[in-house]
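Down below is the structure, laid out as C-alpha cells.
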Amino acid sequence: MAGAPRRTAAALVLAAGVLLAGAACTSGTEHSGGTERSGGSEPPATRDVDPATRGFPTPPPVITRSPAEACGQQPYVAGSFDAKAVRAYTPQGPAYRGPGPHPVRLLRADSADGGPELPHQWAPPGGVQLVVCEYEDTDFANRQVGICEYLGGDALGGTSRVESARWVYRVFEARTGTPVREFTLPGTTAPERTCPKTALAPGGALYRQQVESADLRARIGPLYRNAR
C-alpha cells in the first residue's frame, strides 16, 4: 500500500505542469470586451462588399463611337466616305444574328436637322445591332426644283433654292462595323417641306430634297424584323 501515495503525488505534479504550460501559452492573449487579440496585432483589414454584387465581375465601360467614326465620314463634308475608316459603333454591343427584331439606329455625321427618321422603338435602350448611315450622293446631277419663301424674306435679299438630290444609305453591324447592305433613295420632299421652318432665312441658302421617312422605313424594315 506504500506505493499508492507516490502515484497520487506524481499525478498531481503532472497536472500542475500541464496547467503551467497552458498559462504560458495563453499569456500573450488579451481579453477585451469578449474579443481576443493575440500578441497585440491589429485585425486584418476588410472591404465592404455590396451583397447584391458579390461574386459578379465589374462590367467594362460602354464604348459608343461618334456617327462620323461609325460611318467612315468626315463631318460636314458632303458625300465623304472611307470604308477603311469605319469603326464599330458599339464594340461590346449585341451581335446581329438570330430572329428579329434587330434594333437599329440612323446616324448622320453632320447632325443636321431634317431628313428621314426611323421609329424610336426600333432603337430601344440596351444597345442596337445595326446602324444606318446617310450620305449625300455626290455623283447625282442636282437641279433646281423650287425656291424657299419666308415671311421675313432672306437676310441678304437673295433667294434660297431647293435642289433635287439622291442619298446613299449604308448599313453596318454596330458591334463590328461589318457592311450589311447599301442602297440609294431619291429625295422627294416638296420644296415647302424641304426648307427649314424659320421666319428669316440666310441669303442665297441652298437646300436639298430629303428622303421621306416612309421610304426609308420600307427599306430598313425587313432588316429590323426578319431573322438573320
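Positions are given from 1 along the sequence.
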What distance do Q92 atom CD and I63 atom CD1 have between them, rounded to the nearest 0.5 Å? 4.5 Å
Shared ILVMFWY cluster between V211 and V168, side chains joined below 4.5 angstrom? no
Are the side chain of N142 and the backbone N or O of S164 linked by a donor-acceptor pair below 3.5 Å? yes
Please examine the side chains of R225 and P222, heavy atoms only from C-beta on, and report whether any two atoms are closer than 4.5 Å. yes
Can you tell me how far CG of L130 sits from CZ of F172, rounded to the nearest 0.5 angstrom? 11.5 Å
Would you please classify the geometry between the W122 ring and the Y224 ring as parallel, tilted or perpendicular, with 30° and 60° separating the classes? parallel
Using modelled atom types only, decide if a donor and an acceptor are shared between the side chain of Q209 and the backbone of T189 within a distance under 3.5 Å. yes
When you look at T176 and Y96, which way does the side-chain contact (heavy atoms from CB on, under 4.5 Å) test go after all the steps? CA-CA 9 Å; T176 62; Y96 171 48; over 6 Å; no
Rounded at 0.5 Å granularity, tell me how far CD1 in I147 sits from CD in E163. 13.5 Å
Note: A70 and C133 closest approach over all heavy atoms is O-SG, 4.2 Å
Within the 4.5 Å heavy-atom criterion, are R65 and P91 side-chain neighbours or not? yes
When you check the gap from the basic side-chain N to the acidic O, do E173 and R97 get nearer than 4.0 Å? no
Minimal non-hydrogen separation, G126 against P94, with atom names: O-CD, 4.4 Å
Any link between F140 and Y207 through a network of hydrophobic side chains (Ile, Leu, Val, Met, Phe, Trp, Tyr) touching at under 4.5 Å? no
Is the shortest heavy-atom distance from the side chain of D215 to the side chain of P116 under 4.5 Å? no
Is there a side-chain contact between R181 and Y169 (heavy atoms, below 4.5 Å)? no
Quick check for you: to the nearest 0.5 Å, what is the distance between R161 atom CZ and R208 atom CZ? 8.5 Å
Are L106 and V86 co-members of a hydrophobic cluster defined by side-chain heavy atoms under 4.5 Å apart? no
Of all heavy-atom pairs linking Q129 and P101, the shortest is NE2-O, 4.4 Å
Answer whether the closest heavy-atom distance between the side chains of L107 and Y89 falls below 4.5 Å. yes
Answer yes or no: are there more than 12 heavy-atom neighbours, outside Q74 itself, under 6.0 Å from its atom CD? no
Tell me whether V132 shares a hydrophobic cluster with V128, the cluster being built from Ile, Leu, Val, Met, Phe, Trp, Tyr side chains joined at under 4.5 Å. no
Heavy-atom nearest pair, P103 first then G127, reads CB-O, 3.8 Å
Between CG of D82 and CD of Q73, what distance do you get to the nearest 0.5 Å? 11.0 Å
Straight-line distance of R170 CZ to T184 OG1, nearest 0.5 Å: 10.5 Å
Quick test of your reading of the model: are R219 and E212 salt-bridged, counting only N-O distances below 4.0 Å? no
Hey, what's the ring geometry for F81 with Y135, parallel, tilted or perpendicular (30° and 60° as the breaks)? perpendicular
Any chain of hydrophobic side-chain contacts (each under 4.5 Å) joining V180 to V104? yes
